[in-house]
Amino acid sequence: MKSIKYILSVILLLAIVLPMSATEEKSPVDVQEVLWGHIKDSYEWHVTDIGHTHITLHLPVIVKSSTGWHVFSSSKFAHEKDARGNRPGPYGLYISGGKQYPNKICEQVNGTEVRPLDISMTKTVCTLFIDAVLLLLCILIPARWCRKHRVTDEAPKGFIGLMHMFVMYVYDDIIKPTLKEDADKFAPYLLTCFFFIFTANIMGLIPFPPGGGNLTGNIACTFFLGCCTFIVTNVFGTKEYWKEIFWPDVPLPLKAPLPIIPFIEFFGIFTKPFALIVRLFANMMAGHAIALTFVCIIFIMFGLGAIAGTSMTIVSVGMSIFMTLLEVLVCLIQALVFTMLSAIFISLARVKHEHKTPVVTES
């Protein structure tokens, strides 16, 4: 009961504060800029705005342009755009506002816009390192406890007990039933996938650094995870697995002279990781976009009037809380789905030839 009163108090407080802030702010809210500002990658980490002051974490820029290697802070780029929509910076570099390389560091070489070798510490890269460190802590701390205790000792409590529960749940209910005797061989990879995705998903829900980075909502990250499953699946595939692809047990006209079924089976090798990539990317990006949209609705409605804005504030805040709680569940489900499908794809590649014993009948 107290928690319900607390939530209602927060909603009413926001309903009072947001109208006051909205009346002071006369410029319309650019919903597209708010959404893409959170989803897309950038060379700086925007935290919040206090009045006209932008609180931003500037990240290091490391590029090799036509004039050599350059290392500097992203604060060197101008905040305002020029007539071409670019944000000029030092050494002839700028953040492009064009359609060919949007929001990427470029330079002009002989009148042509080109991209230099860019290995900068962007927001996505910084988020990746933070999530990797958190993942190591989440694994190494329970591992240290297990090293100092025996199996017959009392079960751990607190954070270590929670991690043990997650590990045993994923192993006993997903990896072991799917891979059977190969479970121990592929468990390290599958458990790493689960905890990395789950950690990245949860950190993406935190609205301030070190959270707030939409790592799994970035197609490059999910593409790498899908490629890892693709490599593990096909590298450790058995001879029977490859035989079923290039010479399946189907009628001869379906595989020679026109290889219809082998082509379909070979095409299926690439569609499986593609499904993993798109599913994780689309679900996480859509969840973040919907949650931010509910917040933007508040400021859009205040453009129509104070009464409409105030009433919509209560609805939007309530829906934002609901979407946040739903996103926590989605974070867990998407990590489980990626791990489960990866285990299934690996198990399908580990198929073994079944030796049929002849049936002897007595006459």
Side-chain angles (χ1 to χ4, degrees), residues 25 27-133 200 203-204 207-227 277 281 284-285 288-289 292 296:
E25 184 66 34
S27 59
V29 177
D30 190 350
V31 179
Q32 184 178 0
E33 181 64 25
V34 172
L35 293 178
W36 284 109
H38 175 76
I39 294 173
K40 67 184 180 182
D41 198 7
S42 63
Y43 294 95
E44 55 196 14
W45 199 328
H46 180 262
V47 181
T48 187
D49 293 336
I50 301 179
H52 296 285
T53 303
H54 302 282
I55 301 178
T56 305
L57 299 178
H58 296 284
L59 303 174
V61 176
I62 307 172
V63 295
K64 183 183 180 182
S65 65
S66 58
T67 57
W69 284 97
H70 303 290
V71 180
F72 56 93
S73 173
S74 60
S75 60
K76 299 295 183 179
F77 291 106
H79 184 72
E80 300 295 334
K81 298 180 180 180
D82 58 14
R84 296 183 178 181
N86 303 326
R87 292 174 54 190
Y91 310 109
L93 302 172
Y94 59 89
I95 298 180
S96 176
K99 296 182 179 180
Q100 187 176 5
Y101 305 112
N103 300 306
K104 299 296 182 181
I105 294 179
C106 298
E107 63 174 340
Q108 292 288 332
V109 178
N110 297 326
T112 305
E113 184 179 73
V114 297
R115 282 203 65 192
L117 177 61
D118 189 358
I119 56 173
S120 304
M121 182 73 72
T122 62
K123 180 180 177 181
T124 301
V125 176
C126 187
T127 304
L128 177 63
F129 280 109
I130 293 174
D131 293 346
V133 171
M203 291 298 293
F208 50 84
N214 189 27
L215 185 59
T216 48
N218 189 306
I219 191 67
C221 178
T222 59
F223 178 79
F224 175 78
L225 293 173
C227 288
I277 295 169
F281 162 72
M284 298 314 301
M285 185 188 69
H288 287 275
L292 289 172
C296 293

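Being a predicted model, the structure only gives us computed values, none of them experimental. Note that these values count all heavy atoms, side chains included, but never hydrogens, waters or copies made by symmetry.
- Rounding to the nearest 0.5 Å places OG1 of Thr222 at 11.0 Å from CE of Met284.
- Within the model, atoms OG of Ser75 and CG of Leu59 stand 10.0 Å from one another, a figure rounded to the nearest 0.5 Å.
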Would you be so kind as to tabulate the donor-acceptor pairs closer than 3.5 Å made by side chains of residues 98-107, with sequence neighbours excluded?
unit_1, atom_1, unit_2, atom_2, d
Glu107, OE1, Ser66, OG, 3.1
Glu107, OE2, Ser66, N, 3.0

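- Residues in residues 65-77 take part in no salt bridge (Lys or Arg N to Asp or Glu O under 4.0 Å) pair, two or more places apart or across chains.
- In the model, Thr67 has a side-chain atom that pairs as donor or acceptor with a side-chain atom of Ser65 under 3.5 Å.
- With rounding to the nearest 0.5 angstrom, the CD atom of Gln108 is 8.0 Å from the CG atom of Asn86.
- Counting only heavy atoms from C-beta outward, the side chains of Tyr94 and Asp82 never approach each other to under 4.5 Å.
- To the nearest 0.5 Å, atom CG of residue Asp41 and atom CD1 of residue Ile219 are 13.5 Å apart.
- At a threshold of 4.0 Å, the pair Arg87-Glu44 counts as salt-bridged, since one of the basic side-chain nitrogens sits closer than that to a carboxylate oxygen.
- For Arg115, the salt bridge (Lys or Arg N to Asp or Glu O under 4.0 Å) partners two or more places apart in sequence, or in a different chain, are Asp118.
- Rounding to the nearest 0.5 Å gives a distance of 10.5 Å between CZ of Phe281 and OG1 of Thr216.
- Checked against side-chain contact (heavy atoms from CB on, under 4.5 Å), Ile130 has the following partners two or more places apart in sequence or in another chain: Trp45, Cys126, Leu134, Met203, Pro210.
- Using a 4.5 Å cut-off on side-chain heavy atoms (C-beta onward), His58 and Ser74 make contact.
- In this view, Leu128 and Phe196, Leu215 satisfy the side-chain contact (heavy atoms from CB on, under 4.5 Å) rule, not counting sequence neighbours.
- Inter-residue side-chain proximity for Trp69 and Ile62 is flagged as met; some heavy-atom pair is nearer than 4.5 Å.
- Pairing each heavy atom of Leu93 with each of Pro116, the nearest pair is CD2-CG, 4.3 Å.
- Using cut-offs of 30° and 60° on the angle between ring planes, the pair Phe72 and Tyr91 is tilted.
- Distance check: Ser42 OG to Ile95 CD1 gives 8.5 Å after rounding to the nearest 0.5 Å.
- Counting only distance, with no hydrogens or angles, the side chain of Asn110 and the backbone of Thr112 share no donor-acceptor pair below 3.5 Å.
- Scored by the side-chain contact (heavy atoms from CB on, under 4.5 Å) test, Pro60 finds Met121 as partners (sequence neighbours excluded).
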